[in-house]
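In what follows, every chain begins at residue 1, and chains take the letters A, B, ... in the order their sequences are listed.
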Amino acid sequence: MKVPHLRDLQKLKTEGEKLLRPRTLRIQVGAAPCAIAKGAREVITKLRDELSQQKVDATIISVGCIGICYEEPIVEVATPGKPKLTYGRITPEQVTSLVKAIAKGSVYKQHLLYRTDEEEIICTGKTFSYTSKTQPDLKKIPTKKEFKFFKPQLRMVLRNAGLINPACIEEYCARGGYAALYKALTKMTPDKIIDEVTKSGLRGRGGGGFPTGLKWKTCREAKGKEKYVLCNCSEGDPGIGMHKSLIESDPHSILEGMIIGGYAIGAHEGYIYLHHGNPSAKEKLRQAIEQATAYGFLGVNIFNSGFSFSITLKEGAGGYVCGESTALMASLEGRAGEPRPKYIHSVEKGLWNNPTNLNNVETWCNVPLIISRGSTWYSKIGTTGSKGTKVISLSGHINKSCLVEVPMGTTLKEIITTLGGGIPKGSTLKAIQIGGPPAGVLPASLADTPLDFDELNKAGSLLGSGGMIVMDDKTCMVDMAKYFMTFLEEESCGRCVPCREGVKRMREILHGITTGIGSADDLTLLQQLSECLAKASLCDLGKSAPAIVRSTMHHFSEEYQTHIERQVCPVKRCPM
Amino acid sequence: MDIKTLDEIIERHKTEKGALVSILHDVQKHEGYLPEEVLHHLSDTLHLPLSELARVATYFEQAFSLEPRRNHTIKVCQGTTCYLKYGDQVVTEIRDEARKEGEDTLFNLEVVRCRGCCDSAPVVEIDGNILDRESATRTIIKLKGEKK
Amino acid sequence: MIALTIDDKKVKVEPGATILKAAREHGIEIPTLCHHEGLSPLANCRLCIVKITKNGRARVVTSCNYPVEESLTIETKTDAIVAIRKTIVELLVARSPNVKVIRELAQEMGVTAPRFSLENEKCILCGLCVQVCDEYVGARAITFSGRGTKKFVSAPLLHSAQDCIGCGACVEICPAQCITMQDSEDAKTLYPGGKEEVGPARLIHNWNVRVAWKKCKSCGTPFPPPSPMEYLSKGQPLSKDFFNLCEKCTH
């Protein structure tokens, strides 16, 4: 089964294409966590029954996150020679009618969202066609490109999400998978790869925004017999489930990125750190590693290049703090996931004191694309300082919760209105949180801020993980500050005094303010504690803990005043 | 815990560097908690001081439990979106329902963060199934009825 | 030698030294709580923070573990640094108002009444007891349990610290003096199940430990475990038979 040569990879690709465009009906059902929560499993069961009863010959494939969470459960029907049709909000009750329509070769109009005549394979720039001619009866149905949800998006990291069976390596290869690895190992040197990643302008997607090429270069140059590459899938942010969706939709893109990174840096071992409590994501990754190993994309002498690489999946056990690099590494080493005080970077002394390159899962997914299409192509997307795209998990007080990917430079307002469908009627936008607790909040007046590392920093926030939470005018910002401090108090490792004691006391003060026993001195005290934590904490959890308090005090000071001076919560959220 | 099973778990992770957390996950999954005699056995077999075992087992309090778990696990999401949609009230509701008629010996009640199902917020996960508020309450009532 | 500036004083320091060591060598005092010369720095208390400037970029770092660098400018007592230290002490006082070393720190720093509700913790969670046992003595008998605000030091799994050798290093190193031990020639211990042990032993109460006095390898007399602290302070490793020979036979 091994794939040592290009022709073997092409054979795998061809097999995958046959699966994606079979001679019989192929029905895809979105099965990401959000879809399962809305009954996707029951829909699949009912589909099986109905197809059998109505004697329709079809394969049912569970796919990952299509992104349109508000339309789940989503069912897509690909009839040979015809455009793929995507139906939304299909409940088990509607399956009978849907299958009847399929059997007749007609359209189930009530729930039809869009049609797909062809799909771009972004890894190669080519297109994958479902049909060569547009059916006259389908002309009125919007194409996927025209569909409101997809128009502003540029799905690069999510290039295969919802389009392939994530458990099928052939389908991954059909859409250009592992071709970048082939190119990297057989046609490029490690220095050339690092050069390409640097020129692409890719910056870390985990929150730091550190230039990835520079990180790789430093790690490559660091002295150490053994080096490691790590993938951070810890997703401890209280507001998003983005990593789950990525892993469950397209696990091979993570592996391919890591193997290329390992080759560039000179590491032969990679570790994926997965947040615990995700049995489904764990299984998908485990399966992908097994498949990649069976086909020789992992293991000894990959593509006859002389380069060997292995990836081990390790489940974490801690929460938010284990997203911090030294705490993550401690957990991988089998120790308590406490951050280490360090002034020597982990790229020089990390896992077991060896040079270690840690990147976020989204960063890794960008790598095969940069190698395939080149840094020149990649750097044309985005802004001057922030190249490429960003995956955004949009939720909160929004009409349409969804998982999207937009070019850097797209404004927060555009994401909220065009993709999120705006704020529900009767409410107005009050604040946006993007990037988790360290990012603080942005008031509605700054909604025109573009998605850009530097622009968001200037606005007093930061890009962070890309979890975007929208808050309406019925949200109490003091209550939200208390919520986040409660979260951080639970997540603090307890090692250093400022964070362990300071976060607790800040939470106590906010509790007092939200229960009518706050005083003006509390605000001074909150500022002093914020300064102490921001400067003296041992790790970034403590250092960024004050962000939410500082930003809400800055942008919503009158709310704090009202709680303190009048013992009233303007939106009646606080128990006063 | 059956020593043979425990040794099989240790054997499975033989080639993994820093395998302690992975081994503890497997024990937790198999037994529903980390029995003390398991920690002692691991200390002897892996040549780690008991203090190290205790440290790791008690630090990761979200993943590991030193006490046997009850039959059913209820996880109420307190992720930001679920909280915005009054998820804190859901915690109280669920806790009250679970403890009604003194039935709290049936359920482990935990607060967790984002399950990635924000469109259905506020969500409750019962024995691995994501449910909305009403379905969660109905499920708890059903499970209590089954016990009787 | 590395040239740098501490509080406007130009000094030359051995490479590999920390800022704290360099400062102390040149008579500049920086407060610490969780630091011991003979052990690797913990950097838990954060009291030893200083402001460093290099190539125009200023940062706040802990001096106990930051290595000296050429041309580094260090300021140990800026108003901002002192204010942060005061806040840290205020937090410590609120947690442990009746611990002597904390009260002394508070007095030194001018922290009077903390603006938080008072607790009454005897342990200040500095980590020195665990560290001396782990790193220097090597018994690794005690540990931190839990995390965050619920963190505490104990015998593993709250039982008796089975690996404890009774050296008492933890008792002596504890800045809060909250670990107690007792030596007795006829210590009586009653175990659950009715078993009783009588004889010369050392009891360390916090870890539920009873360590019978060993018989000296040389003269055969039972003796209480010797303290390793003197050697720790000198930075000297312990000899192989350190815990096997009574004081007389050691000299």
Side-chain angles (χ1 to χ4, degrees), chain A residues 32-38 65 69-70 72 235-245 269 276-277 279 312 314-320 322 331-338 351-352 393-397 400-403 433 436 467 469-472 475 480 483-484 486-487 490 493 573, chain B residues 13 15-26 28-29 34 42 46 48 51-65 73 75 77-89 110-121 123-125 128-132 135:
Chain A
C34 53
I36 304 278
K38 286 182 148 183
C65 185
C69 312
Y70 55 92
E72 294 283 3
E235 193 145 69
D237 201 316
I240 50 166
M242 202 171 79
H243 290 185
K244 278 193 246 335
S245 298
E269 273 183 75
H276 77 96
T312 307
K314 272 195 186 246
E315 202 178 347
Y320 187 60
C322 285
S331 180
L332 286 178
E333 291 173 6
R335 299 185 290 112
E338 243 182 32
L351 199 59
W352 294 295
S393 163
L394 182 62
S395 66
H397 294 137
K400 300 173 179 177
S401 292
C402 47
L403 185 73
Q433 206 222 24
I469 308 212
V470 177
M471 299 174 201
D472 70 8
T475 311
M480 287 317 290
Y483 165 81
F484 282 107
T486 310
F487 166 72
E490 282 165 17
C493 76
R573 177 55 157 120
Chain B
H13 293 279
T15 54
E16 184 184 324
K17 285 188 231 175
L20 180 59
V21 174
S22 307
I23 293 171
L24 292 178
H25 269 305
D26 282 354
Q28 175 77 28
K29 198 170 164 194
L34 301 179
L42 287 172
L46 302 174
L48 287 170
S51 60
E52 182 66 17
L53 268 300
R55 177 84 184 100
V56 176
T58 59
Y59 181 82
F60 293 118
E61 57 193 12
Q62 291 164 355
F64 304 134
S65 170
T73 302
K75 297 182 182 182
C77 182
Q78 291 291 279
T80 317
T81 298
C82 286
Y83 182 79
L84 281 172
K85 303 209 170 164
Y86 299 92
D88 52 334
Q89 290 175 6
E110 292 169 26
V111 159
V112 295
R113 304 288 171 178
C114 199
R115 304 277 96 182
C117 310
C118 310
D119 195 52
S120 311
V123 300
V124 181
E125 189 181 310
N129 298 314
I130 304 273
L131 304 161
D132 62 33
S135 313

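Of the atoms belonging to A:Met480, it is side-chain heavy atoms, and not backbone ones, that fall under 4.5 Å from chain B. A:Cys65 does not touch chain B: none of its heavy atoms, backbone or side chain, sits under 4.5 Å away. Interface residue B:Glu16: only side-chain heavy atoms are found under 4.5 Å from chain A. With a 4.5 angstrom heavy-atom cutoff, A:Glu72 does not touch chain B via any of its atoms. Looking at A:Leu332, the atoms closer than 4.5 Å to chain B (heavy atoms on both sides) all sit in the backbone: N, CA, C or O. Residue A:Ser245 does not touch chain B at all, counting heavy-atom pairs closer than 4.5 Å.
Look at B:Glu52 and A:Arg335 and you find no salt bridge, because none of the NZ, NE, NH1 or NH2 atoms lies under 4.0 Å from a carboxylate O. For A:Glu315 and B:Lys29, the salt-bridge test fails: no basic side-chain N is under 4.0 Å from an acidic carboxylate O. Ion pair B:Asp132/A:Lys38 not flagged as a salt bridge, since none of the NZ, NE, NH1 or NH2 atoms sits closer than 4.0 Å to an Asp/Glu carboxylate oxygen. Checked for salt-bridge contact, A:Glu333 and B:Lys17 miss the test: no charged N lies under 4.0 Å from a carboxylate O.
With respect to chain B, the highest number of heavy-atom pairs below 4.5 Å among A:Met242, A:His397, A:Met471, A:His243 belongs to A:His397. Interface remark: of the candidates B:Leu24, B:Asp88, B:Leu48, B:Asp88 forms the most heavy-atom pairs closer than 4.5 Å to chain A. Chain A forms more heavy-atom pairs under 4.5 Å with one residue of B:Asn129, B:Asp119, B:Ile130, B:Leu20 than with any other, namely B:Asp119. When each of A:Ala37, A:Ala32, A:Cys402, A:Pro279 is scored by its heavy-atom pairs under 4.5 Å with chain B, the top score falls to A:Ala37. Of the residues considered (A:Cys69, A:Cys34, A:Ala336, A:Ala317), A:Ala317 shows the highest number of contacts with chain B, using heavy-atom pairs under 4.5 Å.
Contact of the A:Ile469 side chain with the B:Thr81 side chain is registered, since non-hydrogen atoms from C-beta on lie closer than 4.5 Å. At a threshold of 4.5 Å between non-hydrogen side-chain atoms, the residues B:Arg55 and A:Glu338 count as touching.
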Quiz prompt | Evaluation steps, side chain to side chain contact (heavy atoms under 4.5 Å, CB included), between B:Tyr86 and A:Arg573 | solution = CA-CA 9 Å; B:Tyr86 299 92; A:Arg573 177 55 157 120; 3.5 Å; yes
Practice problem: Tell me, with the steps shown, if A:Phe487 and B:Thr80 meet side chain to side chain contact (heavy atoms under 4.5 Å, CB included). | Solution: CA-CA 10 Å; A:Phe487 166 72; B:Thr80 317; over 6 Å; no
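Between the side chain of B:Tyr83 and the main chain of A:Phe484, no donor-acceptor pair closer than 3.5 Å is present. Checked by atom type and distance alone, the side chain of A:Lys314 pairs as donor or acceptor with a backbone atom of B:Gly18 at under 3.5 Å. At distances below 3.5 Å, not a single donor-acceptor pair connects side-chain atoms of A:His276 with backbone N or O atoms of B:His25.
For the residue pair A:Pro33 and B:Cys117, the shortest heavy atom distance occurs at O-SG, 3.5 Å. Residues B:Phe60 and A:Cys322 share a closest heavy-atom pair of CE2-SG, 4.0 Å. What you find for B:Leu84 and A:Val470 is that their closest heavy atoms are CD1-O, 3.8 Å.
With values rounded to the nearest 0.5 angstrom, A:Ile36 atom CD1 is found 11.5 Å from B:Ser120 atom OG. Between atom CD of residue B:Gln78 and atom CD of residue A:Glu490 there is a gap of 8.5 Å, rounded to the nearest 0.5 Å.
For B:Gln62, the side-chain hydrogen bond (donor to acceptor under 3.5 Å, both in side chains) criterion is met by A:Glu491, not counting sequence neighbours. Checked against ring pair (Phe, Tyr, Trp, His ring centres under 6.0 Å), B:Tyr59 has no partners two or more places apart in sequence or in another chain.
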